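Okay, structure first, notes after.
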Amino acid sequence: VIAQGRGRLFVSAFVALVLTVLPLPPWLDVLRPAFLVLAVLYWSVNAPRTGGIALGFFAGLALDVFQGPVLGEHALALSLVTYIVVREHQRIRSKPAIQQALIVFAALVIYEIVLFMIDGWTGHAVTTALRWVHTLTGALIWPPAAAIFAYAAGRRS
Amino acid sequence: LQARGGSAGFRFTLYAALAVVVMYLDQRAHYLEQVRYVLEAAAYPIQLAVNSPPAAWAWLKETFQARGVLQAENARLRAAQRDLELLAMRYDALARENGELRGLRAALPPVADHWLAAEIVNIQLNSLRQKLLINRGASNGVFAAQAVLDDKGLIGQTTHIGPWSAEVILITDPEHAVPVRVERTGLRTIAVGAGDATSLALPYLPSNADIKTGDLLVTSGLGGVFPEGYPVARVTEVHRDAVQPLAQVRAAPLAHIDTDSEVMLVWFRPGHPAAPVPNTPGVDLKSGNRDMQPQALSAKPVEPRAPGATPQASTPAQPATAAPAPPASAPPAAPASGKPEGER
């Protein structure tokens with residue numbers, strides 16, 4: 001069962017990664033939620049033992065290869081968020097979808113704050129407010145996205 | 001439960017430490033070039049796969065294009081080719097004449113040694129940064145900090161090189177700075193990316209600098225990446241405020257950065273007088289490594305003094321030659337292009 005769950009995890013994470021790097025017009029790209037982060041959050045809440053912090057780290061590393069100015073930047077941010085969510089996964093799982101969306105919003109903001117700080121420290125600062133837009137759209141898309149992930153995970157809920 | 005929480009914290013500490021070490025090695029010591037190379041290679045199939053639907057669409061469109069359209073395009077291309085050949089002939093003549101004028105025994109070979117066309121792999125690297133991925137990499141001899149052009153002007157330079165792909169930082173990225181020269185006056189300054197695909201900023205010009213809308217900016221050859229004389233941008237707006245010591249100048253890049261689908265990678269003849277100077281005092285540019293890329297960072301504290309100093313050095317000389325003979329556009333160009341050589 002775990003092996004099967006792991007396969008589904010990899011497939012969903014891979015699809016989320018492809019959605020993240022899919023070319024879009026600039027205005028749409030600003031609105032694009034961080035699909036891979038959402039996928040990692042879903043798996044951390046619902047199957048913390050299948051994925052866990054290792055999933056966060058390696059998903060972040062993949063993001064670094066595609067879009068990071070420094071290797072390890074997204075890896076650090078995503079392992080931090082994964083750690084927080086894995087710790088609190090039982091409390092988060094029992095919440096209704098709307099409250100989950102709020103928690104996801106908070107998690108995405110933490111994620112983006114870490115990225116923002118590392119960007120600044122490493123001298124690749126991006127100061128435009130547009131970088132924060134995806135935290136909002138990510139939270140808004142969370143209820144349907146969680147349903148899709150649940151379907152992908154073969155879970156009836 | 002308690003034990004699992006503890007182990008999660010332990011694992012987090014482990015991974016966080018690993019991430020910090022990786023960041024440090026990548027940022028400070030550049031020890032991870034090999035690792036990055038492997039990772040870029042691993043990422044390339046995904047990048048190609050993501051690019052394939054748009055590429056397939058473009059291919060289909062081309063395949064089923066009407067015959068008339070193709071014929072029209074063919075005729076247009078043939079005309080353009082003829083024009084270019086005429087231009088090239090004229091260029092050869094000019095180069096020879098220039099060589100004679102400069103007292104060189106034989107005309108110099110062109111500064112570009114050879115070039116290679118590269119396709120832009122259409123994927124989203126990061127919309128907030130101005131970057132591209134191209135389908136040529138180390139296996140084609142591409143190296144870091146190599147100049148990338150299109151048919152109209154400068155596009156940028158390569159940063160991370162994979163085996164079959166390379167990342168290009170555009171001149172419009174806020175982290176990128178190009179040393180440029182105003183073609184009309186020879187005034188040297190730095191053009192920094194403004195963060196969108198259509199504008200560059202020239203933040204280091206004093207408000208009394210001789211620059212106006214429509215001036216052509218060409219590469220100055222300093223900085224060690226781009227050779228001298230390639231067109232970069234055209235000045236679109238100049239704001240002078242009596243209170244501010246610096247003028248606010250904007251320029252539009254000549255290259256069609258947002259619509260290009262193909263770019264050119266250029267190799268320059270080392271030792272050519274117009275080739276990029278490999279080591280500029282003040283900036284460590286000894287080898288073509290990644291240290292070259294954050295020019296905007298390391299160059300900023302050093303270079304602003306250069307444009308501040310060069311206007312005094314070059315502008316007083318300008319009026320003497322340019323003022324009495326307004327129709328002569330060659331005299332201002334000659335001292336300007338001769339100047340960097342004198343300094344080298």
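Keep in mind it's a predicted model, so treat the numbers as computed, not measured. The basis for the numbers below is simple: all heavy atoms, side chains too, and nothing from hydrogens, waters or symmetry mates. Sequence lines set the chain letters: A, B, ... in the order given, protein chains first and strands last, and positions in each chain run from 1.
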Legend entry - Parallel, tilted or perpendicular: ring planes of Tyr83(A) versus Phe12(B), cut at 30 and 60 degrees: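 Rings of Tyr83(A) and Phe12(B): parallel, under 30°.
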Pick from [options] with the largest number of heavy-atom pairs that fall under 4.5 Å of chain A:
{"options": "Asn51(B), Val35(B), Val21(B), Leu39(B)", "result": "Leu39(B)"}
{"options": "Ala19(B), Ala42(B), Ala49(B)", "result": "Ala19(B)"}
{"options": "Leu18(B), Leu14(B), Asp173(B)", "result": "Leu18(B)"}

Closest approach of [X] to [Y] (non-hydrogen atoms, all atoms of both residues):
{"X": "Ala43(B)", "Y": "Val65(A)", "result": "CB-CG1, 3.8 Å"}
{"X": "Met23(B)", "Y": "Glu73(A)", "result": "CG-N, 3.8 Å"}
{"X": "Asp26(B)", "Y": "Pro69(A)", "result": "OD2-O, 4.4 Å"}

Legend entry - Min side-chain heavy-atom separation Ile46(B)-Phe66(A) under 4.5 Å: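 Counting from C-beta outward, Ile46(B) and Phe66(A) do come under 4.5 Å.
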Legend entry - Close side-chain approach of Val21(A) and Gln47(B), heavy atoms under 4.5 Å: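 With C-beta onward as the side chain, the pair stays apart.
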Legend entry - Proximity breakdown for Val20(B) and chain A, heavy-atom pairs closer than 4.5 Å: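 Contact with chain A: side chain only.
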Inset, instruction - Rounded to the nearest 0.5 Å, what's the gap from CD on Gln27(B) to OG1 on Thr122(A)? Could you check? - result: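 Separation between the atoms: 5.0 Å.
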Inset, instruction - Taking atom CD of Glu88(A) as the centre, report whether more than 12 heavy atoms of other residues, nucleotides or ligands fall under 6.0 Å from it. - result: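 Count over threshold, so yes.
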Legend entry - Residue selection (most heavy-atom pairs with chain B, distance under 4.5 Å) from Leu76(A), Leu130(A), Leu71(A):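 Of the options given, most contacts go to Leu71(A).
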Inset, instruction - Tell me, for Ser79(A) versus chain B, whether the close heavy atoms (under 4.5 Å) come from the side chain, the backbone, both or neither. - result: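 Both parts, heavy atoms under 4.5 Å.
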